Protein chains: 2
Amino acid sequence: MQSCSQTIPQTFAVPFFFFIITYSIIRDDYFGMKIHKITIKDVARELGVSVSTVSRALKDHPDISPQTKQLVRDLVEKMKYKPNAIALSLRSQRTNIIGVIVPEIVHHFFSMVISGIDEAAMAAGYNVMFFQSNESYEREVMNIQSIINSRADGVLISIAKGTKKFNHIRQLLEDNIPVVFFDRECDEIETDKVIVDDFEGAFNAVDYLIKTGCRRIAHYAGPQHLQIGYLRKRGYISALEKNGLRVDDSLIIPCDSYEAALEVTRNLMARGNPPDAIFTTNDNTAVGTLNAVKAMGFKVPEDISIIGFTDGLVSTVTDPLLSTVSQHGFEIGKKATEILIKRINDECVSSKPITEIVKTELVIRNSTRRI
Amino acid sequence: MQSCSQTIPQTFAVPFFFFIITYSIIRDDYFGMKIHKITIKDVARELGVSVSTVSRALKDHPDISPQTKQLVRDLVEKMKYKPNAIALSLRSQRTNIIGVIVPEIVHHFFSMVISGIDEAAMAAGYNVMFFQSNESYEREVMNIQSIINSRADGVLISIAKGTKKFNHIRQLLEDNIPVVFFDRECDEIETDKVIVDDFEGAFNAVDYLIKTGCRRIAHYAGPQHLQIGYLRKRGYISALEKNGLRVDDSLIIPCDSYEAALEVTRNLMARGNPPDAIFTTNDNTAVGTLNAVKAMGFKVPEDISIIGFTDGLVSTVTDPLLSTVSQHGFEIGKKATEILIKRINDECVSSKPITEIVKTELVIRNSTRRI
DNA sequence: GGAGATATGAGATCCCGTCATCAGGGCGGG
DNA sequence: CCCGCCCTGATGACGGGATCTCATATCTCC
């Protein structure tokens, strides 16, 4: 850990002016002084007018003459005066900060969501305060405490796998901080939610496989205590039933990782009457499946079709390219943020919580046959 | 607006009335008004002591009797009083916020870095304000403006590809906001940096290829105006030279994406005297290369070895598994944050900027031959 | 009884920007 | 000449805490 890093002092060849700046900084620090930030008083003093005048000029108050306004605006520009956001927050009781908690950022889907959050927040002039629960309940509670303490205006959260109590979320709502769930929600809490249509996504994927002529379709299922695992399986079953195909329990196999897929697939394909298609609960599992069947000499998609879920980066670099169900993480983040900001602005304070379902999209690449 | 501040009477001394206030808060909420947060004054009034006493009790001031301290602590617990971080920031001129700017979060390496940042920041009691430049200079400037406005205590930044001017970074330093670069740095700015040892990583990768018997090694190079692209190429060249191999310029090809690799590789492998190994500037390019050579009937690693850079998720799901150079993104984020926090706390204010180099690690999987 | 310690209250100050109020200067029109 | 208008200054409150000073009240001990 430590050994992989080393400290190297930088060569000290800098222009002359740099010394001067550095020196004055050191001197101020040496005397324990804070570096002075430009305040409205500095602007007023510099221009020889009162603080009120500057304040009014910047607010475009009708009392102030156009000439003075222009003078003030010019000087403000020149002196790079920025109103102190902290003082503003103290007075307005708003921080323009959105707290975001994700289980794990190292996850293509969540990083897409955050990207969407960033986009929408920036567009609306909000800053994003970021937290990671690492799938831990305790950590999540700490994160919420930090959010409360920093007086964020609202919270976006996807709950951790380890979270089974929800008092910390309730505390947010009691403090009148709006909360919007994304992806991983919680039944017990009445608030806005933006979720993925796992059922329909799975249904469409399997329905497509059937349309391309597949008849023995296996499903590698995720953990059934999570909504996402459960709903994807239900979608799979529903598509079979709608098309009059028998649901064969021996073709529904718990399997949700690359490594597991290698193992499971070897066994599955070696037994009599192997499937002609496999629908996996996520992309990594699909890639494992793909590699396993290829290693056994099967042709994809001629001998067997494979379709994943969660359009991650991996699906765009496999051979053949993986067909999958895209989750529009960016859209989810953006949507959730927009809803949150509306709540913050009380635009729909009296309305009931809404649940927005972001549709999945079937992305047909080359691991499935064509219709 | 004003009316809501007048709805809550200011002077009450009897506990009974406190509950009335609480009730009126709920009613205020119903009418869409701001909810009342517990302040030190509420605690003082409830306990029938002065604000000073509560403040001193919480700070464990020796003037206050143990009994009073206990009473205060109990009530604070019961009323869930939290000191207003905004008021604290206003006075202390510290926000306990670290601003973080990454080019793109949807990138395994950067999400690992952010994970490390989150870890270190949380451990030190700092909050992370997150920004994404989307590789755009303009966006980066806006992000820095937001950071300055929100009075963050320090900044961690990996500069965008599109950034060629650095006045915005200088502005941070002039405002006495410490800056630590990670991964993508900038020569012109004298400040702390935590960077990847791209040169050595590339050198080791190519040196390993040579040790396994490869003699005609191609390099798919990244943009040369970026340090990371340049240094990886230098490492490649240096390894060839050290091993007495001729550097063939026709084997150094600009190529840094999956799609480009498909195209480039088809041409490269079709011409006479194709290479027996390819070192790519990143993993996605390596995967494109891998798929292209496999499609042309070459065996990996028997006919040709392939090695990438940046240990992303893709390298763990290819067939064969991709050998690559791992970057320790988590370590980089953690280290950068620790250095930044030291600077914020003036622990090394007079010391020169340091450049910390985090070593890469060669991860040998199955796309390269064994020694 | 008075000095001194102890515990607390009351109030000011600071951080910074906003906003409201009141006071006034200067100038033009009636 | 004065009223009123336009513009501006001076001042203070406010938001919420920390912190400091000074004034009390109570109690103890000599």
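Just so you know, these numbers come straight off a predicted model, no measurement behind them. These numbers come from the heavy atoms of this one structure, side chains and all, not from hydrogens, waters or symmetry mates. By convention in this document, chain letters (A, B, ...) are assigned in the order of the sequence lines, proteins followed by strands, and residues within each chain are numbered from 1.
Going from atom CZ of A:R45 over to atom P of D:dA10 covers 13 Å, rounded to whole Å. Rounded to a whole Å, the CD1 atom of B:I64 is 14 Å from the C1' atom of D:dC20. In this structure, the CZ atom of A:R56 is 12 Å from the C1' atom of D:dC6, given to the nearest Å. Atom CG of B:D60 and atom C1' of D:dT19 are 16 Å apart (whole Å). For A:I86 and D:dG15, the CD1 to P distance is 19 Å, given to the nearest whole Å. Here D:dG16 presents its P atom at 15 Å from CG of A:N149, a figure rounded to the nearest Å. Rounded to whole Å, atom C1' of C:dA7 lies 14 Å from atom CG of B:L71. Computed from coordinates, the A:Q70 CD to D:dC7 C1' distance equals 17 Å when rounded to whole Å.
Looking only at atom types and distance, the side chain of A:N167 has no donor-acceptor partner in the side chain of A:Q171 under 3.5 Å away.
Pairing each heavy atom of A:G99 with each of A:A152, the nearest pair is N-CB, 4.0 Å. Nearest heavy-atom pair, B:I86 versus A:R151, reported as atom, atom and distance to 0.1 Å: CD1-CB, 3.7 Å. Residue B:M79 comes nearest to B:V43 through the heavy atom pair SD-CA, 4.0 Å, listed as atom of the first residue, atom of the second, then distance.
Within the nucleic acid shown, B:T68 comes within 4.0 Å of sugar-phosphate atoms alone, with no base atom in reach, counting heavy atoms only.
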| message | Walk along nucleotides 12-18 of chain C from 5' to 3' and tag each nucleotide B, S or - by protein heavy-atom contact under 4.0 Å, base first, then sugar-phosphate. | response | --BBBBB

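Classification of the A:Y137-A:H168 ring pair by plane angle, with boundaries at 30° and 60°, yields perpendicular.
In this structure the side chain of A:K334 reaches within 4.5 angstrom of the side chain of A:E338, judged on heavy atoms.
The side chain of A:S65 contributes no N or O atom lying less than 4.0 Å from OP1 or OP2 of D:dC6.
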